[in-house]
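This is a predicted model, so every value here is computed, not measured. Quick note: numbers below take in every heavy atom, side chains included, and nothing from hydrogens, waters or symmetry partners.
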Amino acid sequence: MIPKQPTYRDRLQPWHLIRHLPNCQRLTVARFARRRDAESYLNALRRLMPAVPRIQLCS
């Protein structure tokens, strides 16, 4: 895999919430500038959508 240079948007919002889908696909749910904001949003999503198997926090 070729490493890509982070874009300006990636540097502004380094924290991503990623939902894993079937067939090795993924969907970026939201982007955040601060980890605390991302964790709070992740906790809210887990409470509102408990049936969703995995949502991951990545930097």
Apart from I18 itself, which Ile, Leu, Val, Met, Phe, Trp or Tyr residues share its cluster (side-chain heavy atoms under 4.5 Å, direct or through members)?
none

State which residues pass side-chain hydrogen bond (donor to acceptor under 3.5 Å, both in side chains) with R46; sequence neighbours excluded, sorted by chain then number.
none

Should the heavy atoms of other residues, nucleotides or ligands under 6.0 Å from CZ of R31 be counted, would the total exceed 12?
yes

For R35, the side-chain contact (heavy atoms from CB on, under 4.5 Å) test, sequence neighbours excluded, returns W15, E39, L57

Is any side-chain heavy atom of Q25 closer than 4.5 Å to a side-chain heavy atom of L27?
no

For L45, side-chain contact (heavy atoms from CB on, under 4.5 Å) partners two or more places apart:
L17, V29, Y41, M49, I55

